[in-house]
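Everything below concerns the one structure shown next.
Predicted, not measured: the structure shown is a model, and the values here were computed from it.
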Amino acid sequence: MTDPILNSDRCLLFQQGSNGHAVVLLPGLCGSELEMGAIPRLLKQSGYSYAIPRIKGYSAHTGITSYKNWIDDVEQFVIDLMQMHTSVSLVGLSMGATLSLAVAERNSYIQSLSLLSPVLIFDGWSVPWYYPLLKAIYFLGIRNWHYKETAPYGVKNLEMRKHIKKAVEANSVSELGAAHLPARHLIESLKLIKETKKDLPSINSDVLIIHAVDDETASPKNPDLILNSISSETRRTIWLGNSYHIITVDNEREIVANETINFIAQSIKKEEISRETNLNTSNLIIRNRNES
């Protein structure tokens, strides 16, 4: 049976799988499929259904809405996928990882979270000194401005950096995502971060975090904050030593893609074993020791 969302305007990308499990991909704010690197291709090869939802106000060229609407849209998208699949997992990059956390705080049935370069604090080494002042400037009424990406554009790989630089200069979408972010988008993302931090202990889904030690946007404090707050029994962290923020397309992109797919499969397998064990246990008949 085909998912009801397949031919709707709710998807930027949808691939029907064959193994009964679905994965929702969440690129960065105003990002695109390009940001996810080889992950969609590997999901297809492994038989997963996967989708990038069209999130009004979050996805590129969809206007501007509240961060609360972003969470609502993804949560409903997940609920609809759950009607047609045995499990649903989330894979988020950058602000998409933060959005994944926010959705998982509401829905405890999400199988697993793969958080790639999650952002809860903008404290990387390339974040400009004036960044903390942008929120104050916005609330003073100065709102007609954009935050434009600059070198190193989230990647350590020099060839990819040149490619992204050309796209940014042409004001087009690339593996980096949007070339610039409107002030309102940025402010809503800060609100999303603030809201998400509050309820991290409610998360119990399996969690994988992949993060670069030299991430120029979000320092290693970000994974530490998540790991020290969530309630998940299964949690794993992979540190990368030769990448920057957009790890899905940087020097260690193959490691990122393969480890993400493996973690999703392992999480599903663990759940299947647990269900089988519980089923077998419930069917046990304990006989009285005096019975012959």
*Do you know which two heavy atoms are closest between Phe14 and Leu81, and how far apart they sit?*
CE1-CD2, 4.2 Å
*For Leu34 and Val249, which heavy atoms make the closest approach, and how far apart are they?*
O-CG1, 3.7 Å
Distance in Å, [X] [atom1] paired with [Y] [atom2], rounded so as to fall on 0.5 Å steps:
X      : Y      : atom1 : atom2 : result
Ile121 : Asn222 : CD1   : CG    : 5.0 Å
Glu188 : Lys191 : CD    : NZ    : 4.0 Å
Leu90  : Phe77  : CG    : CZ    : 10.5 Å
Ile238 : Ile210 : CD1   : CD1   : 4.5 Å
Gln266 : Thr234 : CD    : OG1   : 10.0 Å
Leu26  : Ser114 : CG    : OG    : 11.0 Å

Return yes when atom [atom1] of [X] has more than 12 non-hydrogen atoms of other residues, nucleotides or ligands closer than 6.0 Å, and no otherwise.
X      : atom1 : answer
Gln45  : CD    : yes
Tyr109 : OH    : no
Gln76  : CD    : yes
Lys221 : NZ    : no

*Could you walk me through whether Leu208 and Ser112 pass side-chain contact (heavy atoms from CB on, under 4.5 Å), step by step?*
CA-CA 8 Å; Leu208 167 69; Ser112 68; over 6 Å; no
*Distance-only polar pair, side chains of Ser94 and His245, donor-acceptor under 3.5 Å*: yes
*Would you say the side chains of Asp123 and Ser219 form a donor-acceptor pair under 3.5 Å?*
yes
*asked:* If the threshold is 4.0 Å, N to carboxylate O, is there a salt bridge linking Asp9 and Lys56?
replied: no
*Inspect the contact between Glu272 and Arg275 and indicate whether a charged nitrogen and a carboxylate oxygen are less than 4.0 angstrom apart.*
no
Quick one: does any side-chain atom of [X] pair with a main-chain N or O of [Y] as donor and acceptor, under 3.5 Å?
X      : Y      : answer
Glu271 : Ser267 : no
Glu33  : Leu13  : no
Ser46  : Tyr48  : no
Lys165 : Ala151 : no
Tyr58  : Leu29  : yes
Glu75  : Val103 : no
His185 : Thr65  : no
Thr237 : Ile209 : no

*When you look at Leu134 and Tyr131, which way does the side-chain contact (heavy atoms from CB on, under 4.5 Å) test go after all the steps?*
CA-CA 5 Å; Leu134 295 180; Tyr131 195 89; 3.9 Å; yes
Should [X] and [Y] count as side-chain neighbours, where that means a heavy-atom distance under 4.5 Å?
X      : Y      : value
Val23  : Gln111 : no
Tyr153 : Tyr244 : no
Val91  : Tyr50  : no
Met82  : Ile110 : yes

*Ser49 pairs by side chain to side chain donor-acceptor pair (under 3.5 Å) with which of Gln15, His85, Lys44?*
His85
*Could you point out which residue of Arg253, Lys156, Glu252 forms a side chain to side chain donor-acceptor pair (under 3.5 Å) with Ser243?*
Glu252
*Any chance you could lay out the side-chain contact (heavy atoms from CB on, under 4.5 Å) test for Leu43 and Leu25, step after step, and finish with the verdict?*
CA-CA 11 Å; Leu43 288 171; Leu25 303 174; 3.9 Å; yes
*Would His163 and Lys166 satisfy side-chain contact (heavy atoms from CB on, under 4.5 Å), going step by step from the backbone distance to the final call?*
CA-CA 5 Å; His163 169 73; Lys166 290 181 180 179; over 6 Å; no
*Under the side-chain contact (heavy atoms from CB on, under 4.5 Å) test, which residues partner Ser126, sequence neighbours left out?*
Pro152, Glu216
